[in-house]
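Written out below as structure tokens is the structure these notes cover.
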Amino acid sequence: MNKIENSFLNKNQFGDDFLWGVSTAAFQIEGAHDADGKGSSIWDVFTAQKGKVKNGHHALTACDFYNSYQNDIDLIRELNIPNFRFSISWTRIMPTGIHPVNQAGIDYYNKIIDSLLASGIEPWITLYHWDLPHVLETKGGWTNRESVTWFSEYVAVCAQHFGDRVKNWMVINEPSVFTGAGYFLGIHAPGKKGITNYLKAMHHVTLATAAGAKILRDKVQDANIGTTFSCTHIEPATQNQKDIDAAKRVDTLLNRTFIEPILGLGYPQADLPVLKKLNNYILADDLNNLAFDFDFIGLQCYTREVVKSSILIPYIGAELISAEKRNVISTDMGWEVYPPALYEVLKKFNEYKNIKKIIITENGAAFPDILTNGKVYDIKRTHYIQDHLEQILKAKKDGLNVEGYFVWSLTDNFEWAEGYNARFGLIHVDFDTQQRTIKHSGLWFKDFLS
Ligand code: GCO
């Protein structure tokens, strides 16, 4: 294979210690929804409800990673990718969310971990990537303060069984997304709505993030502990003060609300007054239990949002002007392709002086990928990745803290409410045959990492 020309970028420009990886999540790739004792998660239940997921798609099989993991790990190695981020399915480990432990679940993830290590690939575990056990949801899920205890016990089991070989951990994935979509808007599992559900989930998830991290620190020797946040560069639609203020409120909600408590700064209630309602759920010593000294923070930035003031939108008084309405280039998710967003987000999060290390734990794009004669020429995705790596280089040259980049995602997979319509993979999956085909972007990334 002659080297694919990547004239502007060279891995060495990022430094020898820069981390390169690829990210996935259990529910989106594994399938085997009830295999070997696995219990139902809220996403198993949600996808079974009519009308919740585009085209009625579900993840009963997904990418069948549960059975084809060795093939996919071989592909990770073929692509020269040294770090693999995956999540643990809580209901494989504890089918009802609490003890007893399902040994078959432990055995499965031991096989994944051992296969990765045997292949010279470093495992990076996300403990919670949205698939809460359904039994716990029947008890209120994240709106129930007991969720902190349930999650802590689950983390302890994973630390005990995997911590001898796995040193890189992320506690919770994108709390703003799954609480907002799942407990306020109702468009993601468990489909709950309303400000009370949202604020209770927000607080309990933030407590659980710190509690889980403390357990890892206690039980895993030499652990590199992080957690991940969705983040987006926010701009006002105009320089009208109302739009500037609206953008500041959206930025507070999307970029600050979940990270600032764990940095010991408390909830940014002054800049988003609705957050003062959290005081109804904050108990005396909670504020001391929200913070944790993470070894790294994972940022997951895909785009920017442009905001205008709107009296019609409760609690935030702002609305996002879609990429379509702004007539700009966008992905299959409707997200604007705007690489400078990554630089702006890195600049923003570098202002938090107690963030030790920033890793981009997700970045990627969904484009329509056509398989033609056994090839997928996804040049838009290749350019998307290259252009975002250029922004990381710019950030590093400006002295900003960014120590790694993980592509979302290894293979096309189940994109939540979008189902399989949004393809993010470096590797194409024919979901009828489970045939994998490395795309142009995957071949480029392989060359880039070689
Ligand atoms: C997220 C999740 C991933 C998504 C990816 C593309 O960031 O929303 O971590 O599960 O699939 O970001 O939307």
Side-chain angles (χ1 to χ4, degrees), residues 21-31 41-43 46-47 53-54 57-59 62-63 65 84-90 124-132 169-185 187-189 205 209 226-233 254-255 258-259 297-305 320 323 330-338 341-342 345 359-369 378 380-381 384-385 388 405-427 429 431 441:
V22 67
S23 291
T24 62
F27 190 81
Q28 296 181 267
I29 64 171
E30 288 182 354
S41 75
I42 54 175
W43 270 96
F46 193 70
T47 48
V53 177
K54 266 187 188 169
H57 288 171
H58 55 69
C63 306
F65 183 83
F84 178 53
R85 178 186 174 217
F86 62 100
S87 74
I88 303 285
S89 168
W90 188 340
W124 289 64
I125 283 182
T126 306
L127 283 159
Y128 185 75
H129 204 126
W130 303 5
D131 44 0
L132 185 77
W169 297 80
M170 285 146 282
V171 182
I172 292 210
N173 179 76
E174 295 202 350
S176 68
V177 176
F178 76 82
T179 56
Y183 285 89
F184 178 64
L185 298 173
I187 57 175
H188 275 193
V205 164
T209 304
T227 198
T228 79
F229 297 94
S230 169
C231 50
T232 303
H233 175 51
L254 297 187
N255 292 323
F258 285 86
I259 191 167
I297 292 294
L299 297 183
Q300 303 183 169
C301 175
Y302 289 84
T303 186
R304 73 168 168 181
E305 294 292 355
L320 310 184
S330 60
T331 71
D332 266 15
M333 293 294 282
W335 300 343
E336 179 182 3
V337 176
Y338 187 73
L342 190 52
V345 153
I359 297 172
I360 302 301
T361 41
E362 282 184 24
N363 175 254
F367 292 116
D369 293 333
D378 62 329
K380 284 185 181 178
R381 181 174 293 102
Y384 178 99
I385 294 170
H388 283 79
Y405 178 85
F406 286 62
V407 177
W408 183 271
S409 182
L410 175 67
T411 60
D412 299 334
N413 58 52
F414 180 79
E415 180 51 36
W416 310 111
E418 298 299 314
Y420 299 99
N421 302 308
R423 289 178 174 270
F424 277 90
L426 295 172
I427 298 171
V429 176
F431 289 102
S441 58

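Order of appearance sets the numbers: ligands from 1, and atoms from 1 within every ligand. Residue numbers run from 1 in the order of the sequence given.
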Completion exercise
Contacts of Glu174 meeting side-chain hydrogen bond (donor to acceptor under 3.5 Å, both in side chains) (sequence neighbours excluded), chain-then-number -> Gln300

Exercise for the section: Please list, by chain and number, the protein residues whose heavy atoms come under 4.0 Å of ligand 1. Expected result: Gln28, His129, Trp130, Asn173, Glu174, Gln300, Tyr302, Trp335, Glu362, Trp408, Glu415, Trp416, Phe424

For the pair [X] (side chain) and [Y] (backbone), establish whether a donor and an acceptor sit closer than 3.5 Å, ignoring hydrogens and angles.
{"X": "His388", "Y": "Tyr384", "value": "yes"}
{"X": "Ser230", "Y": "Val177", "value": "no"}
{"X": "Tyr420", "Y": "His58", "value": "yes"}

Problem - Distance-minimising heavy-atom pair for Ser176 and Phe258 - result: CA-CE1, 3.4 Å

Handout entry: His188: which of Phe27, Phe178, Trp130 passes ring-ring contact (aromatic ring centres under 6.0 Å, His included)
Key = Trp130

